[in-house]
Amino acid sequence: MDAFELLKADHKKVAELFDLLETASGKRKLDVFKRIKSELEIHTHVEETILYPALEKPEETHDLTLEAYEEHNVVKTLLAELSGAKSATDEWQAKAKVLRENVEHHVKEEENELFDKADDALSDEEIESLGELMAAEKARKQGQAVPKKADTKDKTKKGPAKPGIISKIADFIGLGSSTSKKAAKKTPAKRKTAATKSPTKAGKKSRAAVSKRSSAKARSMRASGSKSSGAAKKQSGARTRNKSTRKRASRS
Ligand SMILES: [Fe+2]
């Protein structure tokens, strides 16, 4: 499951509930608010425990991720202040409007900036694994059957000594201890670098000046190196196609 598609579906559902909140009246308005609160609590929980930890380290997503945590805190404060109301007074409705504006701002920043940069920072396999972990955690929080055992292996880095971030996150939320042990027995491989990304992606990162970790020359040399590997070339091509498809879909 694509992590970003899962989160975008959550965003859409919450937007629909906010529309409903505006048209509802009386007790119905408070009932709709409870649904919004529940959706946002689960959504922020899976982002903070699963997605954001994977995005804190990459340089291109570091700052936006820290900002996202802070925006969540503002939303949580507003949710707490709105909870427990016995009626939807004018003041309550004004605060609910501010909540919606904050959520919309946060969603816009995630969908237009953070997810795009995260798409560059993570491999397709990592994005799928994070999506499966978030779906499983959402189901667990909602008291539903976990849809599928999440594949928590870091397919891009089969390191023997240290489990990767996906395995660590899976272990942290209780979904990955056995799989991380299996992964530890496998042969090590490098984390995705510019060498395994398409030249187009490397060029994009250079233009955006989001990474100072390597010079354009070094990146170019690594990219050339990857071209000599048929497997790497195939992997890079497949990833580029997948990501292009995703980005086209997000623009539509
Ligand atoms: Fe968020």
Side-chain angles (χ1 to χ4, degrees), residues 1-22 32-83 95-124 126-142 144 147 150 152 165-166 168-170 172-173 175 210 243 246-247 249-251:
M1 178 176 294
D2 183 299
F4 307 131
E5 293 308 315
L6 179 144
L7 295 172
K8 284 178 185 175
D10 279 358
H11 293 165
K12 189 166 179 278
K13 187 173 183 181
V14 169
E16 288 167 357
L17 285 170
F18 272 121
D19 284 343
L20 207 54
L21 185 72
E22 284 186 12
V32 175
F33 168 73
K34 282 180 188 167
R35 290 175 62 194
I36 290 173
K37 181 171 181 276
S38 174
E39 288 292 333
L40 287 175
E41 283 174 344
I42 293 174
H43 181 78
T44 54
H45 167 75
V46 298
E47 282 190 336
E48 290 180 12
T49 55
I50 298 169
L51 179 68
Y52 292 175
L55 299 182
E56 280 184 56
K57 209 166 186 179
E59 188 175 345
E60 56 266 60
T61 49
H62 176 76
D63 289 351
L64 279 172
T65 304
L66 296 188
E67 195 179 326
Y69 278 119
E70 295 306 320
E71 288 172 351
H72 277 194
N73 285 340
V74 173
V75 167
K76 286 175 192 172
T77 300
L78 290 167
L79 285 173
E81 290 176 3
L82 285 161
S83 297
K95 199 182 287 286
K97 193 175 174 189
V98 172
L99 171 69
R100 180 175 194 167
E101 288 167 356
N102 272 272
V103 169
E104 286 176 345
H105 166 84
H106 176 73
V107 164
K108 195 174 168 187
E109 211 157 75
E110 281 193 336
E111 294 193 0
N112 295 348
E113 294 184 64
L114 181 62
F115 292 174
D116 200 38
K117 287 184 166 65
D119 199 33
D120 289 344
L122 302 173
S123 68
D124 281 339
E126 287 171 319
I127 292 166
E128 286 289 316
S129 293
L130 289 168
E132 287 171 12
L133 284 173
M134 286 193 284
E137 181 64 1
K138 277 189 70 178
R140 191 185 71 77
K141 293 288 278 184
Q142 290 167 332
Q144 299 169 355
T152 58
I165 186 67
I166 308 292
K168 284 180 182 173
I169 292 166
F172 183 73
I173 63 169
L175 286 170
V210 293
K243 288 178 184 290
R246 183 157 48 234
K247 284 177 179 174
S250 86
R251 281 196 295 271

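Whatever order the structure lists them in is the order used to number ligands and atoms, beginning at 1. Small disclaimer: the values here were computed from a predicted structure and weren't measured.
Among the backbone and side-chain atoms of H43, none of the N, O or S atoms lies under 2.8 Å from the Fe ion (ligand 1). Look at E47 and the Fe ion (ligand 1): an N/O/S atom of the residue is under 2.8 Å from the metal.
Checked against the Fe ion (ligand 1), the N, O or S atom of E110 at the shortest distance is OE2.
Annotation: angle subtended at the Fe ion (ligand 1) by Y52 OH and H72 NE2 is 80°, to 10°.
For the residue pair H43 / E47, a side-chain donor-acceptor distance below 3.5 Å is found, with atom types taken as modelled. Under the 3.5 Å distance criterion, with hydrogens and angles disregarded, no donor-acceptor pair is assigned to the side chains of H45 and E41.
D10 contributes atom CG, which lies 3.5 Å from atom NZ of K138 (distance to the nearest 0.5 angstrom).
In this structure, E16 pairs ionically with K12, as a charged nitrogen and a carboxylate oxygen lie closer than 4.0 Å.
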